[in-house]
Amino acid sequence: MKRIVYGTLDGLNKAQINRIEDLYNLKSPPEYIISRQVATEMVAISRDIRRQIGLLLDRNGKVICVIAGEPHRILIPVTPDYRPGPGRLKGLRCIHTHLSHETLTRDDLTDLALLRLDYITAICLNADGSCGPVYSAHILPDPEAEPYRVLPGTSLDHLDIDCQAQILELESELSRHNRRYSPETGRENAFLINAATEGISSAQVSMDELRELCKTSRINVVGTAIQQRKKIDPKFVVGKGKLSELIIKAIQNYATLLVFDRELNPSQIRSITDFVEMKVIDRTQLILDIFAKQAKSSEGKYQVELAQLEYMLPRLITKNTAMSRLTGGIGGRGPGETKLEVNRRRARERITRLKKEIKKIRKQRTQQKARRKRRDLPVISIVGYTNAGKSTLLNTLTQSSIIAANRLFATLDPSSRRLRFPRDKEVIITDTVGFIQNLPKELLEAFHATLEELEQADVILHVIDISNPRYMQQKETVDQLLKSLHLNKIPTLYVFNKMDLADLDNFDSPWLLNQGIVVSAHKKSSLAPLVEKLEAMV
């Protein structure tokens, strides 16, 4: 059976190609990094073709991949059957030739760390083409140390180092470290990456918010990195070299997930996921995941699923399994249809069905609005940044028990309650979904029906958490979103919440507090001025 030679065979004759293919027939003892016979043959071929030759060997010493490289490098192919699990290595070692007395290069060591190889070894050629010194390196398990250890140079006579036993011992230590740092069942360890083009301070604010999003999604943050750039790299966001460095750092910290603090386009997702064997998501996916977990009503679930599908559709690539649940158990209808095409078709069909369901809900909502108008009940809508205290305010005003928690997007589905003013006048007060900086456009579109409720409001209550250091930025984010939804013409009352947690005596924007009402949403006694103001406005 013909076996694949990875890399390039351009410019080689038939005899040279056959000799390279025959490397598949060779085997090394498990205790050797590589046997003298195999190493000598690799050097001879390398001398003949003036290019590097590489092999991937499994732990039994069997050749899994043969690589024909270039004069100064080899490209290690993807090996989907050999994936490093938590606390484990890949189960493959890479041995390749160097055409001069060059020790292991930065690329060699990066491949070792990124791919979690058992070993990487370079066999150098002497000037006369004979075997020269041999250099090897292996992973180190300590996250506080260098990610790898480069061993002293040796010769072909000293490659019997009990390789198998050393790898198993190293893996045992890696497993101990992994157990120490491993998250609870069902949780991930995330490394967060931000590419800053508008200044470090704004990037840090965004990164802090990303941390909160991870906390809400029950993801452990094990490390962060902010890189200042003039412009975003079109393929790797932070550049390929920097990404390699960050991935190694993430692996050392036992991360299982990379989270980018921006929305990745389809090309970037493809490039990054091809480059790293780790799960990769962006800010938008994280927010969509939180919404999916928090949605309780049929309407909310439909809207979130629609947003997820519309986000995923342009990003579906051949090896992406994120949409497999849409095709699970269903055969492809076209005989020549690929799995990718099936995924896309199923996604489009599901999007169409969801839009029809949401349209029905909009019709029901319109009927409810008509009944409400006949009763002539004014509507007050509460808006604000997520976790500003909107649900707590509604609960205190109406003596309700809507879920209110100290996390982002604790309340997703809109809730409406009646509020009776002291002068025996009733209004409908509605809590809406919280806003956030860079709210995914797919969510805004999917929640259009829900946000339409705001159009019928007689008064908008904009709740602002003044205990948050970023209160001004959050206020401006919500103001801009309301303007983009053409809601800025509706009378708006600012409610400055969490007065008990803020230092009002040294507040940095005292003029702002004069533009609204200062309250503590969970203290009914502080809401009297707010109720009085609302009664006057409606």
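- Separating the CG atom in Leu117 from the SG atom in Cys94 is a distance of 6.5 Å, to the nearest 0.5 Å.
- Within the 4.5 Å cutoff, side-chain heavy atoms of Leu213 are placed close to those of Ile287.
- In this structure, the side chains of Ile272 and Phe260 come closer than 4.5 Å at one or more pairs of heavy atoms.
- Listed for the Thr40 side chain is a donor-acceptor partner under 3.5 Å among the backbone atoms of Arg36.
- Within the 3.5 Å criterion, the main-chain N or O of Val5 finds no donor-acceptor partner in the side chain of Glu21.
- Here the closest non-hydrogen pair linking Ala190 and Ala255 is C-CB, 4.5 Å.
- Using modelled atom types and a 3.5 Å distance limit, the side chains of Asp208 and Gln204 yield a donor-acceptor pair.
- Rounded to the nearest 0.5 angstrom, Glu41 CD and Leu26 CG are separated by 6.5 Å.
- Remark: the Asp111 side chain and the His96 side chain contain no N/O donor-acceptor pair separated by less than 3.5 Å.
- Side-chain atoms of Gln268 and Ile232, non-hydrogen and from C-beta on, do get closer than 4.5 Å to each other.
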When you look at Ile34 and Tyr119, which way does the side-chain contact (heavy atoms from CB on, under 4.5 Å) test go after all the steps? CA-CA 11 Å; Ile34 192 168; Tyr119 268 89; over 6 Å; no

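- Residues Val63 and Tyr24 approach most closely at O-CD2, 3.9 Å, considering heavy atoms.
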Please determine whether salt bridge (Lys or Arg N to Asp or Glu O under 4.0 Å) holds for the pair Lys249 and Glu245, giving the CA-CA distance in whole Å, both sets of side-chain angles, and the decisive distance to 0.1 Å. CA-CA 6 Å; Lys249 189 175 178 183; Glu245 179 186 320; over 6 Å; no

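- No side-chain donor-acceptor contact under 3.5 Å links Glu173 to the backbone of Leu170.
- Atom CD of Gln37 is surrounded by 12 or fewer heavy atoms from other residues, nucleotides or ligands within 6.0 Å.
- Annotation: Gln228, atom CD; neighbour count of heavy atoms from other residues, nucleotides and ligands within 6.0 Å is above 12.
- Salt-bridge check for Asp108 with Arg73: failed, with every basic side-chain N at 4.0 Å or more from each acidic carboxylate O.
- Using a 4.5 Å heavy-atom threshold, the side chains of Glu212 and Lys215 count as touching.
- The shortest distance between side-chain heavy atoms of Pro133 and Asn126 falls below 4.5 Å.
- Using modelled atom types, one side-chain atom of Arg229 and one backbone atom of Val238 make a donor-acceptor pair closer than 3.5 Å.
- Within a 6.0 Å sphere centred on OH of Tyr32, other residues, nucleotides and ligands contribute 12 heavy atoms or fewer.
- Atom NE2 of His101 has more than 12 neighbouring heavy atoms from other residues, nucleotides or ligands inside a 6.0 Å radius.
- No donor-acceptor pair under 3.5 Å is formed between the side chain of Glu263 and the backbone N or O of Asp282.
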Could you give me the CA-CA distance, side-chain angles and deciding distance for Asp233 and Lys240, then say whether side-chain contact (heavy atoms from CB on, under 4.5 Å) is met? CA-CA 9 Å; Asp233 186 271; Lys240 191 173 183 179; over 6 Å; no

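- Note that CZ of Arg346 is 13.5 Å distant from CG of Leu309, once rounded to the nearest 0.5 Å.
- Counting all heavy atoms, side chain and backbone alike, Ser35 lies closest to Ser28 at N-OG, 3.0 Å.
- Side chain of Gln166 to backbone of Ile161: a donor-acceptor contact under 3.5 angstrom is found.
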With side-chain contact (heavy atoms from CB on, under 4.5 Å) as the criterion, how do Leu264 and Val280 come out once you've worked through the C-alpha distance, each side chain's angles and the decisive distance to 0.1 Å? CA-CA 10 Å; Leu264 302 177; Val280 178; 4.2 Å; yes

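- For the pair Phe275 and Ile247, the minimum side-chain heavy-atom distance is below 4.5 Å.
- The closest donor-acceptor contact from the side chain of Thr477 to the backbone of Gln473 lies under 3.5 Å.
- Contact of the Leu112 side chain with the Leu104 side chain is not registered, since no non-hydrogen atoms from C-beta on lie closer than 4.5 Å.
- Closest non-hydrogen pair, Asp58 versus Asn60, comes out as OD1-N, 2.9 Å.
- In terms of heavy-atom proximity, Ile53 sits nearest to Ala68 at CD1-CA, 4.2 Å.
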Evaluation steps, side-chain hydrogen bond (donor to acceptor under 3.5 Å, both in side chains), between Asn220 and Tyr254: CA-CA 11 Å; Asn220 295 327; Tyr254 297 88; over 6 Å; no

If you apply the rule salt bridge (Lys or Arg N to Asp or Glu O under 4.0 Å), what do you find for Glu209 with Arg283, and how did you get there? CA-CA 10 Å; Glu209 193 168 80; Arg283 183 187 179 93; 2.5 Å; yes

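- Not one N or O on the side chain of Lys27 forms a donor-acceptor pair closer than 3.5 Å with the backbone of Gly61.
- Under the 4.5 Å side-chain criterion, counting only non-hydrogen atoms from C-beta, Asn194 is not in contact with Leu210.
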Which is it for Asp128 and Ser130 under the side-chain hydrogen bond (donor to acceptor under 3.5 Å, both in side chains) test, yes or no, and what are the steps along the way? CA-CA 6 Å; Asp128 62 0; Ser130 61; 2.6 Å; yes

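- Scanning all heavy atoms of the two residues, the minimum distance from Ala203 to Ala196 falls at CB-CB, 3.6 Å.
- Counting only distance, with no hydrogens or angles, the side chain of Arg51 and the backbone of Thr8 share a donor-acceptor pair below 3.5 Å.
- With rounding to the nearest 0.5 angstrom, the CG atom of Leu55 is 9.0 Å from the OG1 atom of Thr97.
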Report the C-alpha separation of Leu12 and Ile20 in whole Å, then their side-chain angles, then the decisive distance to 0.1 Å, and conclude whether the side-chain contact (heavy atoms from CB on, under 4.5 Å) test is met. CA-CA 10 Å; Leu12 302 182; Ile20 294 171; 3.7 Å; yes

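- Arg211 contributes no side-chain N or O that, together with a main-chain N or O of Val221, makes up a donor-acceptor pair within less than 3.5 Å.
- The CG atom of Asp157 sits 11.5 Å away from atom CG of Asp160, with the distance rounded to the nearest 0.5 Å.
- Among Lys90, Arg93, Arg59, the single residue meeting the salt bridge (Lys or Arg N to Asp or Glu O under 4.0 Å) criterion with Asp118 is Arg59.
- Atom-to-atom distance recorded for Leu243:CG and Ile248:CD1 is 10.0 Å, nearest 0.5 angstrom.
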